[in-house]
Amino acid sequence: CSRVCGALLLFFHLLGGGGRAFLAGAGAPPLADAARANVELAYALGAVFEDHGDLEHALRMYRRAQRQRPASRPTGLGLMRGQELREEPVKAAEALVDLFSFYPTDPVLYIYAFRLYRRAQRVEADAYRREAERLAADDSRSMALVADGLASEGHVDEAIRYLEGAAPQAPEPLYHRYLAELEYSRQDYQGCLKRLGSLTGLRASRRRARCFAAQGKLNRAMKSVYGMSTLNVAADIISQEAALVACWDRDLESARTRFREFAVSHGGSWSDRDRELGEAIVSDHFGASDDALERLEPLFRLQPNDDELAFRLSDLYVRAGRLRAGIGILEELLASEPGDPTRLNALGFTLADLGDRRDLIRAEVLLRRAYRLSLDEGYIVDSLGWWMYRSGRLSEALALVTRALKIDGPDPEVLRHLGDIERALGHETNARTHYRDALVLNPSASLRAVIMDRLKQPSSRGVRASQRKFPPGGDR
């Protein structure tokens with residue numbers, strides 16, 4: 001059955017008895033009548049078509065729902081998503097027009113319109129940006145949304161200038177924290193530290209530690225991690241942050257020593273789970289996956305409902321070739337929260353990476369659903385782009401993964417994906433630049449091996465991923 005049939009069958013489940021009646025004698029008109037009669041069902045059917053990649057029918061259903069309820073924000077955003085995925089940014093922006101009448105003071109809508117028009121290089125972008133800035137003038141969080149909108153389109157310098165100009169209206173701590181995040185996203189670690197100054201709090205301490213680590217100042221990075229203990233930060237977070245700093249050390253033994261010394265000095269309140277998970281993170285980063293498995297498997301047997309352990313163990317299993325075990329864990333995670341974008345993304349990315357035709361079909365539904373539920377998360381945009389690449393849809397893959405890189409800033413795995421896509425398109429110089437950029441960002445040993453292999457290849461060749469995709473720990 002085609003993916004459209006799958007979409008209809010799922011919708012029949014929503015309709016209950018009505019679906020059986022459709023199967024008994026129907027055709028499309030009765031189903032369309034049902035959709036027109038009920039805006040919720042029209043939207044639900046649009047969502048099902050969208051999840052199955054049938055954007056034409058998804059847009060048709062969303063338009064019907066919009067005609068019945070022009071104020072429906074989900075419907076307007078559905079139209080925007082569909083047009084954006086069809087690489088029609090102007091039509092995507094125009095899909096929001098009806099919503100402005102009902103939400104005239106919502107800066108988020110103006111930011112979306114600005115981003116889309118800017119992507120299309122249309123003059124309308126400036127008008128929507130000015131309106132978003134006007135609406136954000138008295139609210140620091142809205143200012144951050146405007147800056148994030150600029151940064152998410154790759155205009156980090158503009159975002160910094162905007163926030164600096166908004167300084168008189170922004171509360172001091174929030175203002176500096178937002179600017180620090182932007183400096184970090186452009187890899188200006190010293191600038192990030194300067195913006196952070198003496199700010200306290202988990203996010204500031206975490207970012208400070210990572211800035212020091214990226215500069216090779218690991219003792220100062222560990223000192224920042226220790227400072228989290230004075231903020232009543234949970235012990236498991238501190239142990240993981242200490243492990244992530246240790247991963248910047250020169251080799252496995254040095255990293256283990258650094259982590260263990262920190263645990264002895266400052267880990268008095270850590271549980272066995274905290275210590276073993278930290279050790280596993282360090283081992284896995286340096287390629288000692290067997291040691292990481294030996295540490296995580298007993299923990300997971302004792303705590304099978306621990307999501308952190310489940311995600312990490314499934315990742316290790318898949319990379320070790322134990323696909324049934326790894327996918328089984330991800331299936332259980334998704335079954336417990338079927339509407340969670342992170343779980344949809346984790347299983348979808350894994351299936352897409354396997355590359356089997358049946359796996360790709362299911363991966364598409366999972367990843368499109370994750371995107372529908374959380375379209376502004378860079379790691380989800382990247383995963384959908386990777387599915388496009390694995391399915392041979394290179395132009396769409398390039399657009400999505402490029403957007404993911406702008407949303408989250410430099411990330412070694414996203415850069416590796418972008419390199420693979422550019423190489424498949426024949427853009428060898430761009431591909432090699434992305435691979436080299438990824439190496440600077442301290443990728444794990446397994447990812448580093450993949451990238452080095454790519455750099456040794458003299459020309460375009462078929463490639464496949466070997467890394468899982470989860471949201472970056474502690475990052476936005």
Side-chain angles (χ1 to χ4, degrees), residues 51 202-203 206 225 228-229 231-244 246-247 259 263 267-285 288-354 359 362-363 365-367 369-374 377 379-380 383 413 444 446 467-476:
D51 291 351
L202 173 58
R203 291 183 65 177
R206 172 182 277 150
V225 174
M228 296 180 189
S229 61
L231 304 172
N232 295 319
V233 174
D236 64 325
I237 294 177
I238 295 176
S239 69
Q240 290 180 58
E241 290 299 320
L244 291 171
C247 288
F259 176 77
S269 63
W270 293 5
S271 66
D272 289 342
R273 184 258 191 204
D274 300 333
R275 294 174 187 274
E276 290 299 296
L277 178 55
E279 291 271 6
I281 290 171
V282 172
S283 293
D284 184 40
H285 180 82
S289 55
D290 288 344
D291 179 75
L293 279 170
E294 288 177 7
R295 294 179 184 280
L296 291 187
E297 284 180 322
L299 289 177
F300 189 62
R301 283 194 291 271
L302 292 172
Q303 303 176 59
N305 296 320
D306 187 318
D307 290 348
E308 175 74 23
L309 295 177
F311 277 121
R312 290 190 179 277
L313 189 58
S314 69
D315 182 22
L316 284 164
Y317 280 150
V318 170
R319 285 191 279 118
R322 297 167 62 179
L323 301 181
R324 181 173 296 182
I327 291 174
I329 291 175
L330 293 176
E331 294 278 13
E332 290 180 5
L333 283 167
L334 183 59
S336 66
E337 292 187 38
D340 176 43
T342 297
R343 295 164 196 245
L344 288 162
N345 181 77
L347 181 55
F349 184 90
T350 300
L351 294 174
D353 201 31
L354 296 177
D359 291 329
R362 187 169 179 224
V365 177
L366 295 170
L367 292 174
R369 187 171 298 154
Y371 180 82
R372 175 168 60 82
L373 296 170
S374 194
E377 291 290 351
Y379 71 96
I380 290 177
S383 293
E413 188 175 355
S444 65
S446 55
Q467 298 293 303
R468 296 251 324 110
K469 188 63 183 171
F470 297 112
D475 286 344
R476 65 187 181 93

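Atom set for the values below is all heavy atoms of this structure, side chains included, hydrogens, waters and symmetry mates excluded.
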Partner set under salt bridge (Lys or Arg N to Asp or Glu O under 4.0 Å) for Asp272, not counting sequence neighbours: none
Name all residues meeting the salt bridge (Lys or Arg N to Asp or Glu O under 4.0 Å) criterion together with Glu332; count only those two or more places apart in sequence or in a different chain, and write none if there are none. none
My understanding is that only residues two or more places apart in sequence, or in another chain, count here; which of them pass ring-ring contact (aromatic ring centres under 6.0 Å, His included) with Tyr317? none
Side chain to side chain contact (heavy atoms under 4.5 Å, CB included) with Ala243: which residues, sequence neighbours excluded? Phe259, Ile281, Val282
Check Arg312 with Asp284, please: is the shortest side-chain N to carboxylate O separation under 4.0 Å? no
Looking at residues at least two apart in the chain, or sitting in another chain, which of them share a side chain to side chain donor-acceptor pair (under 3.5 Å) with Arg275? none
With sequence neighbours left out, write down each residue that passes salt bridge (Lys or Arg N to Asp or Glu O under 4.0 Å) with Glu294, or none if nothing qualifies. none
For Arg324, which residues count as a side chain to side chain contact (heavy atoms under 4.5 Å, CB included) partner, sequence neighbours excluded? none
Residues in side chain to side chain contact (heavy atoms under 4.5 Å, CB included) with Ser269, at least two apart? Ala235
Residues two or more places apart in sequence or in another chain: which of them pass side chain to side chain contact (heavy atoms under 4.5 Å, CB included) with Ile237? Leu202, Arg206, Val233, Ala234, Glu241
Only counting residues at least two apart or in another chain, list the ones meeting salt bridge (Lys or Arg N to Asp or Glu O under 4.0 Å) with Asp290. none
For Ser271 and Asp274, which I'm curious about, is there any donor-acceptor pair between the side chains at under 3.5 Å? yes
Suppose we screen for side chain to side chain donor-acceptor pair (under 3.5 Å). Which residues come up paired with Ser239, at least two apart in sequence or across chains? none
Salt bridge (charged side-chain N to carboxylate O under 4.0 Å, His left out): which pairs involve residues 339-352, sequence neighbours left out? Asp307-Arg343, Glu337-Arg343, Asp340-Arg343
